Amino acid sequence: MTLMTGSEWVPREYTVVALTTRPVHIVGYDHLIVMAPSALEGMINQVRTKFVSMSVEHLTFLPPIGRWYDGEIVEASDGAKELILRGKELPQLVPREHDPSPLSEADALPAFAGSGRVTMEVAFEARNFDPDVVAEINETCPLPTKEELRWSSLPPIEWVLSIPVLWGAIKFGGAFFDELGHASARALVDWIRGVSNKAHEPNRDRLITLAFDIDDDRVVYAIIPVAAQSENPDQHGDDSMRALDSAGQVATFAGLVSEGRCTLGDVRRAAFIFDAGQWQLAWWTDGNQVYRTKWFEQNSPDPSRFLGRHLLPDDLNR
């Protein structure tokens, strides 16, 4: 077998019909959805000016396999407009020696002094729930809610806490929710457990994801896998609480990224996963390459836990 060097590697290119102005039906909705031509134009502008990743089954803990970088709008024979997107594969790199430890960069930083309550909202995919449960979620969640659409037949049960990074290079030393002015971390964990049990296919494991939004092009994820079935559900609740309380470590990292002081370089996306009582760096990307840690290669969660099926069709999993 001939081995290919890095200089010989050529990324695969992808061309897809991504959106159309034709009415389309999305699984889980009774009505049709129509995209305005301006939405198609906005997507082209986005992929040309920002990092728009190719994700796998909307699983936040998996690194992107590529990025969309260009597109055009064409008119079909029936008069409908179609958005044609062009993308390319990103190289996936793993360190030969030790994984980086960017969370240790916080040791010498000044402590967070507090600046009032930081806005936070919970995003979720409504198609995981019956309409009456969606109404319950919007009415009872301890934080403001936001419904989002993920193009999948049955998306993962994921609760995304969107947090704008309004701080710089500082260190969070206490319980993260308390420091941000939110003392309801326990209430949120208990609430998520209750409503997740009302989802379609509730035996799937769930994800609590803190999305630290640095700007409209850079995000740092802190991801908490939560088992649906457990002999000791209270223990999983305690683990989620420990993860939320210690999420200030990842918030500190996000502050370093926002000031351009992160030793990982130009970070467009980064993901940490809470495992065995601590935060582990899983992967990051500068938009041109994806860097996966050795820890992630050995410990990445099984996607089937959250999808309720294999990541690939059965005939491709053999």
Side-chain angles (χ1 to χ4, degrees), residues 60-61 63 95 98-120 122 143 158-186 188-189 192 207-215 218-226 235-285 291-296 298-301:
T60 314
F61 66 84
H98 302 295
D99 286 336
S101 54
L103 296 186
S104 63
E105 300 171 24
D107 294 342
L109 296 176
F112 177 69
S115 58
R117 183 179 291 268
V118 173
T119 302
M120 192 183 304
V122 178
L143 295 171
E158 183 175 21
W159 306 93
V160 181
L161 280 65
S162 297
I163 306 168
V165 176
L166 305 178
W167 54 86
I170 48 84
K171 177 172 60 178
F172 290 83
F176 180 63
F177 267 47
D178 293 345
E179 292 207 59
L180 289 191
H182 294 274
S184 58
R186 167 59 71 179
L188 181 65
V189 168
I192 286 176
L207 294 164
I208 302 174
T209 299
L210 282 70
F212 293 101
D213 297 315
I214 298 168
D215 51 40
R218 296 181 294 171
V219 182
V220 174
Y221 299 111
I223 301 164
I224 309 167
V226 181
Q235 178 63 44
H236 284 287
D238 292 340
D239 289 344
S240 298
M241 276 297 303
R242 280 190 286 272
L244 291 178
D245 284 344
S246 62
Q249 298 175 53
V250 185
T252 297
F253 170 83
L256 287 166
V257 172
S258 72
E259 290 196 354
R261 295 174 55 180
C262 172
T263 56
L264 297 181
D266 182 18
V267 174
R268 299 290 101 186
R269 301 283 187 278
F272 293 80
I273 298 176
F274 194 75
D275 179 70
Q278 59 185 338
W279 288 104
Q280 301 283 356
L281 175 63
W283 57 266
W284 77 97
T285 179
Y291 303 87
R292 306 156 69 113
T293 63
K294 288 184 175 179
W295 177 88
F296 180 75
Q298 298 169 3
N299 300 279
S300 175

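All values below come from the heavy atoms of this structure, side chains included, with hydrogens, waters and symmetry mates left out. The model shown is predicted, which means the values in this text are computed figures rather than measured ones.
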Between Arg186 and Phe177, is a side-chain contact (heavy atoms from CB on, under 4.5 Å) present by the stated rule, with each step listed?
CA-CA 10 Å; Arg186 167 59 71 179; Phe177 267 47; over 6 Å; no

Taking the basic N atoms (NZ, or NE/NH1/NH2) and the acidic carboxylate oxygens, is any pair closer than 4.0 Å for Asp239 and Arg242?
yes

Can you see which heavy atom on Thr293 is nearest to which on Pro95, and at what distance?
CA-CD, 4.3 Å

Locate the shortest heavy-atom distance separating Gly168 from Ser258; write the atom from each residue and the value.
CA-OG, 4.2 Å

Using the six-membered ring wherever Trp is involved, compare the ring planes of Tyr291 and Trp284 and label them parallel, tilted or perpendicular (cut-offs 30° and 60°).
parallel

Aromatic ring centroids of Phe176 and Phe212 under 6.0 Å?
yes

Indicate the atoms forming the closest heavy-atom contact of Val219 with Ala211, along with that distance.
CG1-CB, 4.1 Å

Could you tell me if the side chain of Thr285 sits less than 4.5 Å from the side chain of Pro63, heavy atoms only?
no

Could you grab the distance from atom OG1 of Thr60 to atom CD1 of Ile208, nearest 0.5 Å is fine?
12.5 Å

Under a 3.5 Å distance rule, please check whether Arg261 uses its side chain to pair with a backbone N or O of Ala169 as donor and acceptor.
no

Closest non-hydrogen atoms of Leu103 and Gln249, given as atom of the first, atom of the second and distance, are CD2-O, 3.5 Å

Given side-chain contact (heavy atoms from CB on, under 4.5 Å), test Val220 with Arg268 step by step and report yes or no.
CA-CA 8 Å; Val220 174; Arg268 299 290 101 186; over 6 Å; no

CH2 on Trp159 to CG on Leu143, rounded to 0.5 Å
12.0 Å

Looking only at heavy atoms, the pair that brings Ala254 and Ile214 closest together is O-CD1, 3.7 Å

Euclidean distance, Asp99 CG relative to Arg292 CZ, rounded to 0.5 Å
12.5 Å

Interatomic distance, Gln280 atom CD to Ile223 atom CD1 [nearest 0.5 angstrom]
13.0 Å

Approximate separation, where rounding is to 0.5 Å, of Ile224 CD1 and Glu158 CD
11.0 Å

Just so I know, are the side chains of Leu210 and Val250 near enough to count as touching, which here means a heavy-atom distance under 4.5 Å?
no

Drop me the distance from Leu109's CG to Phe172's CZ, to the nearest 0.5 angstrom.
11.0 Å

Between the side chain of Thr252 and the main-chain N/O of Ile170, is any donor-acceptor distance below 3.5 Å?
yes

Output, in order, the C-alpha distance, side-chain angles, deciding distance and verdict of side-chain contact (heavy atoms from CB on, under 4.5 Å) for Val257 and Val165.
CA-CA 10 Å; Val257 172; Val165 176; over 6 Å; no

Does Glu105 reach the side chain of Thr263, with side-chain heavy atoms less than 4.5 Å apart?
yes

The ring pair (Phe, Tyr, Trp, His ring centres under 6.0 Å) partner of Phe272 among Phe296, Phe253, Tyr221 is Phe253

Within-4.5 Å side-chain heavy-atom neighbours: Val226 and Ile192
no

What closest approach, in Å, do Trp167 and Ala251 show between heavy atoms, and which atom pair accounts for it?
NE1-O, 2.9 Å

